[in-house]
K.L.:
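My questions will all concern the structure given below.
Along the sequence shown, residues are numbered consecutively beginning with 1.
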Amino acid sequence: MSVFLRKQNLKKGTYLSFVEAFYDSNTKNTIQKVIKKLGYLDELSKVYNDPIAYFTEEAKKLSLESSKKYQDSKSERIPRENVFKNIGYFLPRYVYKQFDFSNVFRAISYNRKFKFDLESIFRFCVFSQIVNPSSKQNEFKEKEQFFDDFNFSDDQMYDGIQYIGENEETIKEYISLKTKELIKLDTSKTYFDGTNIYFEIDKENEELKRGPEKNNRHDPIIGMGLLMDANGYPINYTLFPGNQSEQPELHKNVQDLKRKNGINGRTIITADKGLNSGDNMYKAIQNGDGYVIGQKVRGCSNDTKAWILQDDINSPYENTYDKNDVLTYKVKSEVGDYEVHITSPLNGQKAKIKLHQKRVVFWSKDYSDKAKYERAKIIEKAKSIISNPSAYMKSTVGDAASYIKEIKYNSEGVIIEGSKLSLDEDAIKNAELFDGYYLIVSSETNLSNDEIIKIYRGLWEIEETFSIVKGVLKVRPVFAKSLLGVHAHMLICFTSLLILRILQKNTLLKQLSNEQVNAIIEANKTKKKHKIRYQKVVEYPINQICSFIRGFYALVVDDSYYYPAKYNDLIPFIEERFSIILVRRILTKQDIKKIFDAKPQHKTKIIF
C-alpha cells in the first residue's frame with residue numbers, strides 16, 4: 001500500500017487529494033482510492049507557501065505509516081476471537097427507516113422517564129429477528145455485530161420489550177397507517193389464514209393454552225391469524241388463546257381485522273383441508289366474503305371421484321404437453337349446487353344445505369411424481385412391518401397401515417401376533433388412480449379456472465408467510481415468558497415479516513427486458529390450447545434475500561478497514577440497484593457509510 005498526492009486539472013483549477021493505491025488479488029489490478037480531499041491549489045496557496053511540496057511530504061509520511069501498519073499486521077498473531085460486523089442488514093435498515101418509528105415511540109414514551117431509547121430497542125429487536133433470530137438473551141450477546149450504536153443494557157432491553165408489548169395495539173395502528181402511505185395495498189380482495197405458535201414455558205396462562213398444535217406438541221400455544229392483501233403484503237394480525245380451534249375463530253378474526261384496518265372489500269378465505277368445513281363456507285357467504293378451499297380427492301364422495309377420473313366428450317380435460325408430447329398438466333371444472341354439512345343456527349344440530357359452487361380439478365405430472373415417490377417410501381415401510389411386526393407399535397406404523405391387510409392391535413397398541421399380514425395391492429392401485437389430482441371448491445363461480453387456481457396458489461403466499469415467520473424468523477418456539485413479552489415478540493416478528501415482504505416485492509423486485517422474457521418463453525414452449533402469460537418481473541425468494549442479509553459480514557481489521565467474508569449471488573443485482581460496490585477486497589469506513597446511506601435506483605418508482 002502507498003499514498004501519493006494527486007493533482008487533477010479541473011475547470012476551476014488544480015485540485016489536490018491524497019490517494020491510496022493497493023493491489024487487489026481478486027482482480028489482479030492496482031486499485032486507487034481517494035482517502036482525503038484537500039482542496040483547490042489557489043485556495044491552499046493562501047495557507048501554505050508551497051502546497052504541492054508540503055502535501056507531497058505529508059503523502060510520504062502517510063505512505064510510511066500505511067506500509068508499517070501493513071507490515072505489523074503481517075507479523076501479528078491470529079487473534080483468539082475475530083470481530084465481525086454484519087453489512088447485509090443495510091437492506092432491512094433502509095426499509096425500516098421509511099417507517100420513521102421514532103414518531104410513535106416518542107408518543108408512547110411521553111412523560112415516561114426512560115433512561116434508554118425505546119425506539120432503539122425495538123429497532124435492535126427487529127434487526128436481530130431478521131439477522132440472527134434467537135432468544136433475546138442470545139440476541140443481546142450479538143449486539144456488537146451491528147454498525148448501529150445500540151446503547152442500552154440487557155435489563156433495559158427487557159424493560160423496553162415489556163413496554164412495547166403493553167403498547168402493541170398503538171404500534172400496530174401506526175404500522176398500518178405508514179404501510180398505507182408507503183405501499184399501494186390492494187384490498188379489493190384480501191386473504192386470511194391462521195396458525196399456532198408454541199412456547200417453551202411450563203405453565204399455561206389466560207392466552208397461552210395447550211391446544212390442537214399442528215405438530216402435535218404439548219407446549220402451551222397461542223393462535224395467530226394473518227390478513228394479507230391481494231399481492232401478499234401482510235396487513236395485520238390477531239392473536240387468540242391456543243385452546244381455541246382455528247375454525248370457530250376464523251370469521252370473527254377476519255371481521256375484526258377488516259374493521260380495524262378499514263377494509264371493505266371481500267376477503268377470500270384460502271385454506272387447505274384444515275379449514276375445509278361446510279360451516280366456514282356458509283359463514284363466509286353470510287358475511288359477504290368468499291372462499292377458495294382445497295379438498296382431499298381421496299376423501300371425496302364416489303360420485304365426485306368418478307367425475308374427477310372422467311375424461312370424455314361429456315367432461316373433457318384441457319391438456320398441456322411439453323416439447324416431447326408428454327402430458328404435464330390438465331384441468332377442468334363444473335358449476336352447480338353441492339351439498340355441504342353445517343351446524344344449524346336454530347338447534348345446533350348438523351344439517352344439510354346446498355351451496356352454489358364452482359369445482360375445479362387439475363392434474364400435475366410433478367405432483368403425481370411426488371405422490372408416487374412418497375408412496376414408494378410408505379410401501380417399503382409396510383413391507384418392513386409385514387416382515388418384522390414386533391418392531392412396530394400402532395403409534396409408529398402410521399400411513400403404512402393403509403397398505404397392509406389384516407393388521408390389528410391390542411389395547412396397548414401392539415400388533416397382535418399371528419395376524420396374517422400381507423401387502424394390500426388393491427389399496428395401492430386405488431390410491432394410484434388419484435396421484436397428481438387436486439380439487440378446489442370456490443364460491444367465485446364467475447372466475448375462470450386459471451383465476452381460481454391462481455387464487456388458490458396465492459395460498460402459498462400465506463403459507464410461505466407463516467413458513468417465514470416460523471422458519472426464517474424463528475418465531476417458534478417463543479422464549480418470552482410474560483404475556484406482554486409474547487405480544488411484543490409477535491409484533492417484532494410481524495414488523496420483520498413486513499420489511500422482508502417489501503424488500504421482496506418492491507425494493508429488490510427485478511424487472512426483465514423484453515429480450516429476457518422472450519428467452520424464457522422460447523425455453524419453456526409448450527403445446528397448450530391457451531396462451532401462457534409471462535411476468536416481466538422477478539421476485540427473489542425470501543430465503544435467498546435472508547441468506548444475503550445474514551451472510552454478508554465483514555472481518556474488522558481495525559477501526560478503518562473491513563474485509564468482506566463471503567460472496568453471495570445477489571450481490572451484483574444489489575450493487576446495481578443501490579449503485580454501490582460491495583465486492584471490494586477491503587472496505588473502508590467511507591465505503592461502509594456509502595452502503596448504509598444508499599437508496600435503491602428504481603427504473604419505475606413504485607413506493608418510497
Side-chain angles (χ1 to χ4, degrees), residues 1-74 85 87-91 93-94 97 147-149 507 552-568 570-603 605 608:
M1 295 182 182
S2 63
V3 179
F4 65 90
L5 180 67
R6 174 183 285 173
K7 300 176 282 294
Q8 289 178 283
N9 293 321
L10 305 177
K11 288 184 179 180
K12 293 183 179 181
T14 303
Y15 194 87
L16 305 184
S17 56
F18 286 142
V19 174
E20 184 177 51
F22 57 90
Y23 179 74
D24 189 327
S25 58
N26 290 331
T27 62
K28 296 183 179 180
N29 292 315
T30 300
I31 296 176
Q32 296 182 355
K33 181 180 293 187
V34 176
I35 60 174
K36 188 175 182 179
K37 295 178 180 180
L38 301 173
Y40 285 98
L41 182 58
D42 290 346
E43 294 296 324
L44 294 172
S45 295
K46 297 176 183 179
V47 181
Y48 304 95
N49 292 329
D50 188 348
I52 293 179
Y54 174 79
F55 287 113
T56 298
E57 288 302 314
E58 290 297 309
K60 290 179 181 179
K61 292 178 184 178
L62 289 174
S63 188
L64 288 172
E65 290 177 7
S66 179
S67 297
K68 184 177 183 302
K69 185 182 292 185
Y70 175 72
Q71 293 300 326
D72 289 345
S73 67
K74 289 174 66 177
K85 291 277 191 180
I87 300 175
Y89 86 98
F90 85 90
L91 286 177
R93 187 178 184 270
Y94 164 74
K97 284 172 64 178
F147 284 93
D148 288 55
D149 184 17
T507 313
F552 197 61
Y553 274 80
L555 173 65
V556 180
V557 180
D558 55 33
D559 290 339
S560 302
Y561 298 99
Y562 305 87
Y563 290 148
K566 188 178 180 182
Y567 185 81
N568 185 283
L570 270 182
I571 285 177
F573 172 70
I574 293 173
E575 286 185 325
E576 180 184 358
R577 175 53 53 91
F578 282 83
S579 296
I580 53 176
I581 297 177
L582 299 174
V583 292
R584 282 198 177 109
R585 188 66 187 91
I586 298 175
L587 294 173
T588 66
K589 273 188 173 181
Q590 291 87 347
D591 294 326
I592 298 296
K593 186 177 186 304
K594 286 180 182 178
I595 291 171
F596 279 87
D597 289 342
K599 295 180 180 180
Q601 309 298 312
H602 284 288
K603 291 182 179 178
K605 193 170 182 180
F608 303 152

K.L.:
Below 30° counts as parallel, above 60° as perpendicular, anything between as tilted: where do the rings of F55 and Y48 land?
P.N.:
perpendicular
K.L.:
Roughly how far, to the nearest 0.5 Å, is CG of L587 from CG of L555?
P.N.:
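Result: 11.5 Å between the selected atoms.
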K.L.:
Which residues pass the side chain to side chain donor-acceptor pair (under 3.5 Å) test with Y553, sequence neighbours left out?
P.N.:
Q145
K.L.:
Would you check if the side chain of E20 reaches a backbone N or O of K33 as a donor-acceptor pair within less than 3.5 Å?
P.N.:
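A pair under 3.5 Å: no.
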K.L.:
How about D50: does its CG atom have over 12 heavy atoms from other parts shown lying under 6.0 Å from it?
P.N.:
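Above 12, so yes.
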K.L.:
Rounded to the nearest 0.5 Å, what separates atom NZ in K589 from atom CZ in F147?
P.N.:
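Those atoms lie 10.0 Å apart.
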K.L.:
Report yes or no: do D591 and T588 form a side-chain donor-acceptor pair below 3.5 Å?
P.N.:
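Checked: D591/T588 side chains pair up, N/O donor to acceptor below 3.5 Å.
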K.L.:
Given 3.5 Å as the limit, does a donor-acceptor pair link the side chain of Y567 with the main chain of V583, or not?
P.N.:
no
K.L.:
From L38 CG over to Y15 OH, what is the distance, rounded to the nearest 0.5 angstrom?
P.N.:
7.0 Å
K.L.:
Compare all side-chain heavy atoms of D148 with those of R93 and state whether any distance is below 4.5 angstrom.
P.N.:
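Answer yes - side chains close enough.
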K.L.:
Got a sec, which residues hit side chain to side chain donor-acceptor pair (under 3.5 Å) with K594, two or more places apart in sequence or on another chain?
P.N.:
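None.
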K.L.:
When rounded to the nearest 0.5 angstrom, what distance separates CG in L62 from OG in S2?
P.N.:
11.0 Å
K.L.:
What is the minimum heavy-atom distance between A21 and F4, and which atoms define it?
P.N.:
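Nearest pair, atom of A21 first, then F4: CB-CE2, 4.3 Å.
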K.L.:
Drop me the distance from Y40's OH to L10's CG, to the nearest 0.5 angstrom.
P.N.:
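Nearest 0.5 Å value for the OH-CG distance: 5.0 Å.
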K.L.:
Might you point out which heavy atoms bring R577 and T507 nearest each other, and give the distance in Å?
P.N.:
NH1-O, 2.7 Å
K.L.:
Given 3.5 Å as the limit, does a donor-acceptor pair link the side chain of S63 with the main chain of A59, or not?
P.N.:
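Judged by distance alone, no pair lies under 3.5 Å.
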K.L.:
Just so I know, are the side chains of F18 and L5 near enough to count as touching, which here means a heavy-atom distance under 4.5 Å?
P.N.:
yes
K.L.:
Grab the two heavy atoms, one from Q590 and one from I35, that are nearest each other, plus how far apart they are.
P.N.:
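Scanning both residues, the minimum pair turns out to be NE2-O, 4.3 Å.
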K.L.:
Kindly give the heavy-atom pair with the smallest separation between K37 and S17, and that separation in Å.
P.N.:
CA-CB, 4.0 Å
K.L.:
Provide the closest heavy-atom pair for F552 versus L582 in the form atom of the first, atom of the second, distance.
P.N.:
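Minimum heavy-atom contact is CZ-O, 3.4 Å.
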K.L.:
Sub-3.5 Å donor-acceptor pair from the side chain of Q601 to the main-chain atoms of K599, do we have one?
P.N.:
yes
K.L.:
Taking atom CD1 of I87 and atom CD1 of I592, what is their separation to the nearest 0.5 Å?
P.N.:
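Between I87 CD1 and I592 CD1, I get 4.0 Å after rounding to 0.5 Å.
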K.L.:
Pick one: which of I52, D42, L41, L44 meets side chain to side chain contact (heavy atoms under 4.5 Å, CB included) with T14?
P.N.:
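The single option meeting the side chain to side chain contact (heavy atoms under 4.5 Å, CB included) with T14 is L41.
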